[in-house]
Every structure is written in structure tokens, then in C-alpha cells.
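Predicted model, so just to flag it, every value in this text is computed and none were measured.
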Amino acid sequence: MFQGFRGANEMLPLIQTRLTSSKSSPRLAGKVAIVTASTEGIGLAIARRLAEDGAKVMISSRKQKNVDAALQSLRSQNLQVSGIVCHVSKEDDRAKLIEETVKQFGGIDILVSNAAANPAYGSLLDVSWFCIFDTNVKATFLLCKEVVPHIEKRGGGAIVLVGSAAGYTLSRLIGAYSISKTALLGMTKALAPELAARNIRVNCIAPGIIQTRFSEALWKNDVASEIALQQIPLQRFGTPEDCGNVVSFLVSEEAKYITGETVVVAGGMSSRL
């Protein structure tokens, strides 16, 4: 009557093995990710978090010394990463980034487009738009377009664009930059339904004031810091890791029913209804 029934002592090791197996498998195991502009700040934090969650990550920067320093830091944590010099506005650089990723890691599942430029502050009418829009908008779109066939070959995947809360609330000092980030919000909405048929999800994050070199004029200055914190309900500035955590979620299976959305990572700063 009880043939084939295993006693508790016999079943316990099997249960423990299954539990250990499920816990030890990172949520991005087997995935390959490209993260642009990823040798410092938000990009580096995203690359680190994806690698910690099991992905093989290709990082990039416009300078070889920055790539080398970031690789040394990440590899010291036993993370599976490689790196290459890439100026995303240059077609040849984008091609080499994709080619090298496929060569080293066997394919591409995830793209995080973080590269951006803001070469000048001042009046909207006085700022040169060409560099800003070439890098922040045109290059972002072209990189997505060039990566899509590779993600599709893997059966689908995810793209995350790194926008900015400034895309919702435009700043007079960085007007052109803000508008370029507004364009990324629209790009996310436009790409999502088109790529859904290819099983590729497209989302965006909109960081607020994150403690990076880019925003240090705000959080390092006591007066500016006090004024800025008055607009942040959580009463602190963000960290690059705050952004990395959200991106890791968005590219994972846990977010498989989320596409075309922008997640504001700004401590509660007013951005939209």
C-alpha cells in the first residue's frame, strides 16, 4: 500500500537541494547585457547590479583608462564583465560594441542605453543642440535599432533607456538637455508596441537628483542642497545604486508584463500626476 513512499529522512535532502538550487540561481543568470557609459555613476551602478544578478555585462566608455579602471573594480568582485571603448554617436564604435559583445558572450539579451551629453549650461537659444541630440536621442535610437536583431535571435529580451526627471520638469539652465530627455520618454512609448511583437520590452527610468559627478553642483553646495531637498519628500538625494536596483527589476522576468513605462527614481519629487 505504501510502496514508493519515501520517509521524512529520505525526502529532506531532496527538498533542501531544491530549495538551495532555487535560491542560488540569480534572476539574470544566462543573460547578456550591454550598458553604455558605464564606467562611473549611474551606468557603473547599473552594470554592477546586473552582473551581481547573474548577467554577463559589456561596459563601455569613450576613454580606455575609464574602461580599465571600471573592469578592475568589477572583476575584483568576481563579476562576469568585459569592456570596450565606445562613443555611441559613432557608427563604427556602436558596431564594434555589438560585435564584441556577441563574440565574447554569445549574444545579447539586454540593452541599457545610459550614454548622454550636456556640454553647456545656459539659455536654450544659445546652446548648441547638435551634440546633445546626436548623443542623447539619435545615437540612442540607432543603438536600439542595431541591437534589436540580436535580442530577437535570443527569443526576446529587454531595453531600458536612461532618461531624467528633467524630461518632465524642464530646467532653464539645461533646457536642451531636458528636451532631449523628454524625447526619450516618447521614444519609449513609440518603441514598446513595435517591439512587443518581437518579445522585446522597452522601458525607461527617469532619475532625479542622483549623487554623481554630473549633479555635484547641487548636492555639494550647501545652499543649493538645502533648496533641492525641499522638493524631495524622502529628504535625501538618490544614489546610483537606487537606479541600478530599478533597472535590474525592469530587465528581469519579474517585470515581464511591463513595457512602455517610465519609472521616476527621484525620491518623490513632483514629476507627473
- Between atom CG of Asn118 and atom NZ of Lys181, what is the distance when rounded to the nearest 0.5 Å? 9.5 Å
- Item | Separation between CD1 of Ile159 and CG of Leu250, rounded to the nearest 0.5 Å | 13.0 Å
- Linking I/L/V/M/F/W/Y whenever any side-chain heavy atoms sit under 4.5 Å apart, do Phe141 and Leu161 land together? yes
- Neighbour count >12 (heavy atoms, 6.0 Å) for atom CD, Glu194: no
- Query: Do side-chain atoms of Asn203 reach the backbone of Glu261 as a donor and acceptor pair under 3.5 angstrom?
  - Reply: yes
- Item | Donor-acceptor contact below 3.5 Å, side chain Ser248 vs main chain Asn245 | no
- CD/Gln104: more than 12 non-hydrogen atoms of other groups inside 6.0 Å: yes
- Message: If you count heavy atoms of other groups shown closer than 6.0 angstrom to CD of Gln77, is the number above 12?
- Response: yes
- Heavy-atom closest pair (Cys243 atom, Ile42 atom, distance to 0.1 Å) is CB-CG2, 3.9 Å
- Message: Closer than 3.5 angstrom, by distance alone: can the side chain of Asn199 be matched with the main-chain N or O of Glu152 as a donor-acceptor pair?
- Response: no
- Item | Nearest heavy atoms of Cys86 and Leu97, plus distance in Å | SG-CD2, 3.9 Å
- Message: So does Ile258 get a backbone contact from the side chain of Arg201, meaning a donor-acceptor N/O pair under 3.5 Å?
- Response: yes
- Determine the sole option in Lys103, Lys56, Arg75 for which the side-chain contact (heavy atoms from CB on, under 4.5 Å) test with Ser82 is passed. Arg75
- Steps toward side chain to side chain donor-acceptor pair (under 3.5 Å) verdict (Ser89, Thr135): CA-CA 5 Å; Ser89 294; Thr135 302; 3.1 Å; yes
- Message: I need the minimum non-hydrogen distance between Arg94 and Leu142, along with the two atoms involved.
- Response: NH2-CD1, 3.5 Å
- Message: Consider side-chain contact (heavy atoms from CB on, under 4.5 Å). Of Pro207, Cys204, Ser164, Ser271, which one does Val264 pass it with?
- Response: Ser271
- Pair Asp92 + Lys96, salt bridge at N-O below 4.0 Å: no
- Item | N-O pairing of Glu40 and Arg213 below 4.0 Å | yes
- Item | Asp242 (side chain) donor-acceptor with Gly238 (main chain) under 3.5 angstrom | no
- Query: If Ile, Leu, Val, Met, Phe, Trp and Tyr residues are connected whenever their side-chain heavy atoms lie under 4.5 Å apart, and connections chain through other members, are Val162 and Leu184 in the same group?
  - Reply: no
- Thr36 and Ser60 have their tightest heavy-atom pair at CA-OG, 3.3 Å
- Please determine, by modelled atom types, if Gln64 and Asp68 share a side-chain donor-acceptor pair under 3.5 angstrom. yes
- Query: Would Glu254 and Arg27 satisfy salt bridge (charged side-chain N to carboxylate O under 4.0 Å, His left out), going step by step from the backbone distance to the final call?
  - Reply: CA-CA 9 Å; Glu254 295 165 356; Arg27 65 181 176 185; 2.4 Å; yes
- Atom pair CD1/OG1 of Ile200 and Thr259 - distance to nearest 0.5 Å: 10.0 Å
- Query: Hey, are the side chains of Leu229 and Ile227 touching, using non-hydrogen atoms and a 4.5 Å cut-off?
  - Reply: no
- N/O donor-acceptor pair under 3.5 Å between Thr169 side chain and Ala165 backbone: no
- Query: Taking Gln80 for the side chain and Ala55 for the main chain, is one N or O donor matched with an acceptor at less than 3.5 Å?
  - Reply: no
- Should the heavy atoms of other residues, nucleotides or ligands under 6.0 Å from CZ of Arg62 be counted, would the total exceed 12? no
- Task: Quick one: pull up CG in Leu191 and OG1 in Thr140 and give me the separation to the nearest 0.5 Å.
- Result: 10.5 Å
- Note on the structure: Rounded to the nearest 0.5 angstrom, the CD1-CG distance for Ile34 and Asn114 is 13.5 Å
- Message: Minimum heavy-atom separation for Asp109 and Arg154, please, with both atom names.
- Response: OD2-NH2, 2.8 Å
- Query: To the nearest 0.5 Å, how far apart are CG in Leu143 and CG in Leu111?
  - Reply: 5.0 Å
- Task: Answer yes or no: are there more than 12 heavy-atom neighbours, outside Gln230 itself, under 6.0 Å from its atom CD?
- Result: yes
- Message: Given 3.5 Å as the limit, does a donor-acceptor pair link the side chain of Ser225 with the main chain of Asp222, or not?
- Response: no
- Message: If I compare all heavy atoms of Trp129 with all of Ile179, which pair ends up nearest, and what's the gap?
- Response: CH2-CD1, 3.6 Å
